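Working notes for the structure below.
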Amino acid sequence: MGEKIVLIDGHSILNRAFYGVPDLTNSEGLHTNAVYGFLNIMFKILEEEKPDYLAVAFDLKAPTFRHKMYAEYKGTRKPMPQELHQQVPVIQDMLRAMEIPLLMLEGYEADDLLGTVSKRMEQEGLEVCVVSGDRDLLQLATEHIMIRIPKTKRTGTEIENYHTADVLEKYQVTPLQIIDLKALMGDASDNIPGIPGVGEKTATKIIAAYGSIENAYAHVEEIKPNKAKESLREHYALAQLSKELATINIEAPLEFELEEASMGVLYTEEAFELCKRLEFKNMLSRFECQGPVNRVSENFRKVSDLAEAEKIFETAAKAAHVGFELILAGKRVRGCALCFSEEDIYFIPAEGFISGAYLCGKIDMLLNETAAASTLDLKAQLPFFANHAREKLYDLALAAYLLNPLKDKYTYEDVAKEHMSMMIPSQEELLGRKGFEGAEDEKAVSDCACYIGYVAWAALEPMQKKLLDTGMDTLFREIEMPLVYTLHDMEREGIRVEAAALKQYGEQLIGRIGELETEIYAMAGETFNINSPKQLGVILFEKLKLPYGKKTKTGYSTAADVLEKLADEAPVVSRILEYRQLTKLKSTYADGLANYIAEDGRIHSTFKQTITATGRISSTEPNLQNIPIRMELGRLIRKVFIPKDGYVFVDADYSQIELRVLAAISGDETLIHAYREAQDIHRITASQVFHIPFDEVTDLQRRNAKAVNFGIVYGISSFGLSQDLSITRKEAAQYIEKYFETYPGIKKFLDDTVENAKKEGYVTTLFGRRRPMPELKAGNFMQRSFGERVAMNAPIQGTAADIIKIAMIRVNDRLKAENLKSRLILQVHDELLIEAEESETDEVKRILLEEMQGAAELSVKLEIDMHTGKSWYEAK
DNA sequence: GTAGTCACG
DNA sequence: ACGTACGTGACTACA
């Protein structure tokens with residue numbers, strides 16, 4: 001068997017991939033789906049063919065000989081969409097990085113280059129495989145040249161293969177006759193004209209019978225049907241032109257050295273970096289076995305001997321810095337990972353003479369002795385530690401979050417990839433879905449732990465440097481790291497919930513839900529699942545023929561704002577709205593929360609520090625940051641949140657923190673002054689914007705001003721404001737214009753922020769937190785506008801988040817420093833809730849006021865509203 | 001697993 | 001012309 005070469009039709013496969021793979025975008029806003037699909041097809045072919053040589057052909061922009069022959073050639077072809085066009089240089093860079101030669105020649109199309117090279121290679125005795133989405137290439141098929149046409153189907157990519165015989169079988173003509181076929185039937189996609197009145201069926205019959213258009217023309221009188229006969233007679237010249245156009249030139253003057261196409265490693269460092277940038281996670285795993293990266297695992301050691309473990313901890317304490325990770329299986333310590341050099345990478349399992357408690361104690365000690373230590377996800381490990389020095393401790397998951405808050409996970413393999421350019425297997429790959437809890441493969445457990453320890457150690461230096469380079473070092477050390485301990489304290493404390501009262505609340509809802517259900521079915525004339533937007537849509541908009549407003553991807557929208565507009569049209573609508581409200585309260589709050597009440601009668605939510613793009617924290621299992629308050633019925637839920645005996649709740653929230661932050665960081669004199677002057681910022685805004693005396697501002701004017709104030713914080717748009725106020729876009733635009741006239745500093749700040757975001761690719765908060773802004777590089781209006789709003793909002797929301805984080809740390813620390821029994825238990829973005837021992841109430845209030853107000857020194861004073869009560873309901 | 005909806009700041 | 005306010009998490013339905 002001779003050697004084999006694979007030749008790929010670059011544009012054609014890229015095109016096919018573009019339409020076959022759903023849209024993908026990396027965090028820079030680069031579209032990547034076509035590149036991704038291309039590589040997948042290429043790798044699949046390479047795996048199947050295992051060729052000795054590989055090259056990819058591309059068209060150049062310059063006109064080809066076909067343009068000279070036929071002015072309209074490809075003239076009317078649909079231009080490539082921008083999203084695809086962007087990806088052409090990207091795939092070319094990728095192929096170059098993989099050291100695959102690109103075949104390009106001015107005046108020739110990729111087809112011609114493929115034809116030329118495949119014929120030359122065939123002559124040299126090679127097996128040739130040409131990959132294209134374009135059936136034109138079939139004319140090249142021979143015994144030794146196989147044409148492969150990938151088709152994207154639901155089940156994946158299937159590839160049709162054609163040697164001479166396959167073409168004959170499928171098209172009833174020889175490969176070369178494919179050209180004649182095209183000359184008759186034309187090809188819309190290639191702008192080959194063809195002759196009128198002849199389709200695929202007739203063309204095939206004619207060519208099968210006469211062999212070529214020339215011979216067919218010689219026997220034109222015999223041709224049937226009549227329509228084809230006339231057409232051929234009349235348009236023979238056109239058919240000849242088409243034939244020439246469709247003929248692939250196999251003698252292009254292309255310089256091609258076979259040796260350069262020799263299959264190399266493909267997985268070069270450069271290709272790896274590019275894959276990383278494009279965020280091709282799956283693709284990266286192909287690089288896994290390459291290079292030195294995985295050699296670290298040769299130094300992994302499992303240590304089960306107590307004396308040896310002692311020794312390792314001793315050596316670790318003297319190291320420049322140490323990476324560690326307590327390996328947890330649910331509530332059990334399964335061991336610990338320790339790393340302090342490229343050679344010293346250990347997993348110490350909690351078995352035999354080594355107990356979990358021993359390991360926890362050793363790490364606590366180690367942290368007090370060591371110069372610096374790093375780990376991933378410190379908060380998860382804190383329940384197992386007693387006390388240790390905090391200053392030299394680095395949680396690298398947090399560092400990774402600060403460096404790019406847009407990712408959805410910050411696992412060790414992710415950190416390794418991002419910050420060490422290293423591909424290592426993930427926990428799931430090593431241990432399966434259950435992780436350390438279920439894993440029985442001892443070697444895998446040890447390896448996984450060692451990988452974690454190694455990354456915790458090795459990533460510190462590059463990440464520390466990046467934090468310094470990005471100006472986020474202080475934010476990391478003084479806000480995010482200390483906050484870990486604060487959040488852990490809050491999680492451990494939890495909040496007391498009266499189970500019986502919660503149950504009662506739920507039961508009280510059931511009756512009314514049942515009533516509504518009956519009424520809705522009666523009004524609809526049938527029973528259906530009211531909770532199904534799909535079924536509900538059918539009832540409202542088809543059966544009851546109500547006018548539908550918005551449509552969603554899948555059908556009619558039945559969202560509350562749509563239904564509210566229909567409430568007057570049919571009485572069933574308001575019942576549906578009420579039904580929705582009540583079932584929400586029942587399922588999410590009454591029943592939902594009950595499942596989370598722990599043995600101690602309290603709910604311990606988890607606060608997540610690495611989720612939001614803006615720097616806020618989030619709350620899960622359950623989410624205690626979205627307990628109802630706006631509607632009275634929902635608000636009543638808060639009566640079941642109560643302080644423990646002898647305690648009260650003290651609730652403090654920042655008054656309009658985001659708008660104050662905006663006033664301060666924009667430096668707008670008028671707005672800053674307004675905040676110094678007046679209590680009611682929305683009223684004074686109305687007065688200033690509408691040029692009327694403060695006392696004469698109507699409620700409507702105040703409401704409008706308030707909406708504009710909110711809109712500004714969200715990254716204003718006339719459309720959004722018009723929706724909110726139910727006014728026209730024009731009116732909304734006028735409000736905004738007047739607002740900006742009144743507060744020119746705000747306008748300048750927002751404009752500058754967007755401009756700077758476009759230039760730098762990110763925005764920052766007052767404390768240096770960054771949010772990357774990939775959206776702004778995107779071409780389409782929708783995405784770009786979204787990016788602009790985000791750019792305006794992120795510094796505001798983010799700065800407010802920074803401020804309350806500072807306040808939380810200080811409040812929590814001070815409660816402890818003053819030996820108080822009162823504890824911080826909740827944060828709801830601009831609000832802190834403290835469970836205060838009754839006699840400490842005044843001191844707690846003082847601490848809250850001082851630390852919340854003092855968290856940041858702004859040109860606008862931060863005001864705090866405070867309430868106390870015997871339930872969360874009362875304390876608001 | 002995704003889409004739609006709705007609770008909060 | 002395009003068609004959304006910014007940031008989250010939980011629940012239900014449905015493929």
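In what follows, chains are A, B, ... by sequence order, proteins preceding strands, each numbered from 1. All values derive from a computational prediction rather than experimental measurement.
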Can you check the A:Q827 CD to C:dG7 P distance for me, whole Å? 17 Å
Taking 4.0 Å as the cut-off, does a side-chain nitrogen or oxygen of A:T612 come that near to OP1 or OP2 on C:dG7? no
Determine whether a donor-acceptor pair (N or O, by modelled atom type, separation under 3.5 Å) exists between the side chain of A:S605 and the backbone of A:T620. yes
Whether over 12 other heavy atoms sit under 6.0 Å from A:K748 NZ: no
Check every strand shown and say whether A:A707 touches a base, only sugar-phosphate, or nothing at a heavy-atom separation below 4.0 Å. base
Whole angstrom value for the distance that separates P of C:dG7 from CZ of A:F710: 16 Å
Taking A:T588 for the side chain and A:L585 for the main chain, is one N or O donor matched with an acceptor at less than 3.5 Å? no
Over all strands shown, is A:S717 touching base, sugar-phosphate only, or nothing at heavy-atom distances under 4.0 angstrom? base
Tell me: CZ of A:R729 to P of C:dC2, nearest whole Å? 11 Å
Please test A:Y556 against A:E542 for side-chain hydrogen bond (donor to acceptor under 3.5 Å, both in side chains), starting from the C-alpha separation and ending with a verdict. CA-CA 10 Å; A:Y556 310 106; A:E542 289 177 16; 2.9 Å; yes
Can you confirm if the aromatic rings of A:Y743 and A:Y739 lie within a centre distance of less than 6.0 Å? yes
Between B:dC6 and C:dC2, how far apart are the two P atoms, rounded to whole Å? 26 Å
Per A:M782 side chain, nearest of listed nucleotides C:dG3, C:dC6, C:dA10: C:dG3
Does A:T614 place a side-chain N or O at less than 4.0 Å from the phosphate oxygens OP1/OP2 of C:dT8? no
At 4.0 Å (heavy atoms only), tell me whether A:N529 reaches a base, stays on the sugar-phosphate, or touches nothing. sugar-phosphate
By nearest-nucleotide position on DNA chain C, the 5'-leaning member of A:V790 and A:K550 is A:K550
A:E775 atom CD is separated from C:dA5 atom C1', nearest whole Å, by 15 Å
For a quick check of understanding: with a heavy-atom distance under 4.0 Å over all strands, which category does A:S619 fall into, base, sugar-phosphate or nothing? sugar-phosphate
Could you tell me whether A:A613 contacts a base, only the sugar-phosphate backbone, or nothing, with contacts defined as non-hydrogen atoms closer than 4.0 Å? sugar-phosphate
Whether the side chain of A:K805 engages the backbone of A:G615 through a donor-acceptor N/O pair (distance < 3.5 Å, no angle test) should be reported. yes
Nearest of C:dT4, C:dA13, C:dC2 to any side-chain atom of A:N531? C:dA13
Would you indicate what A:G715 reaches in the nucleic acid, counting non-hydrogen atoms under 4.0 angstrom: base, sugar-phosphate, or nothing? nothing
A:R635 side chain vs A:Y873 backbone, donor-acceptor pair below 3.5 Å: no
Within 6.0 Å of NZ in A:K608, more than 12 heavy atoms from elsewhere: no
Given atom NZ of A:K586 and atom C1' of C:dT12, what is their separation to the nearest angstrom? 14 Å
Taking CD1 from A:I617 and P from C:dG9, how many angstroms apart are they, rounded to a whole number? 11 Å
Dot-bracket assigned to DNA chain C with the 3.5 Å Watson-Crick/G-U criterion, [ ] for crossing and | for other-strand pairs, is .....|||||||||.
Round to a whole Å and report the spacing from CD of A:Q656 to P of C:dC6. 21 Å
Distance-only donor-acceptor check, side chains A:Y401 and A:E480, under 3.5 Å: no
Tell me whether the ring of A:F719 lies stacked over the C:dT4 base, given a 5.5 Å limit on centroids and a 30° limit on the plane angle. yes
Crowded around A:E526 CD? As in, over 12 foreign heavy atoms under 6.0 Å? yes
Atom-to-atom span, CG of A:N709 to P of C:dC6 - whole angstrom: 18 Å
Across nucleotides 3-9 of chain B, 5' to 3', mark each nucleotide with B, S or - according to how protein heavy atoms within less than 4.0 Å reach it. SSSBBBB
Would you say that more than 12 heavy atoms from the other residues, nucleotides or ligands in this model lie under 6.0 Å from the NZ of A:K861, or not? no
So, does the side chain of A:D724 form a donor-acceptor pair with the base of C:dA5 at under 3.5 Å? yes
Taking only the P atom of each, what is the distance from B:dT5 to C:dA5 in whole angstrom? 13 Å
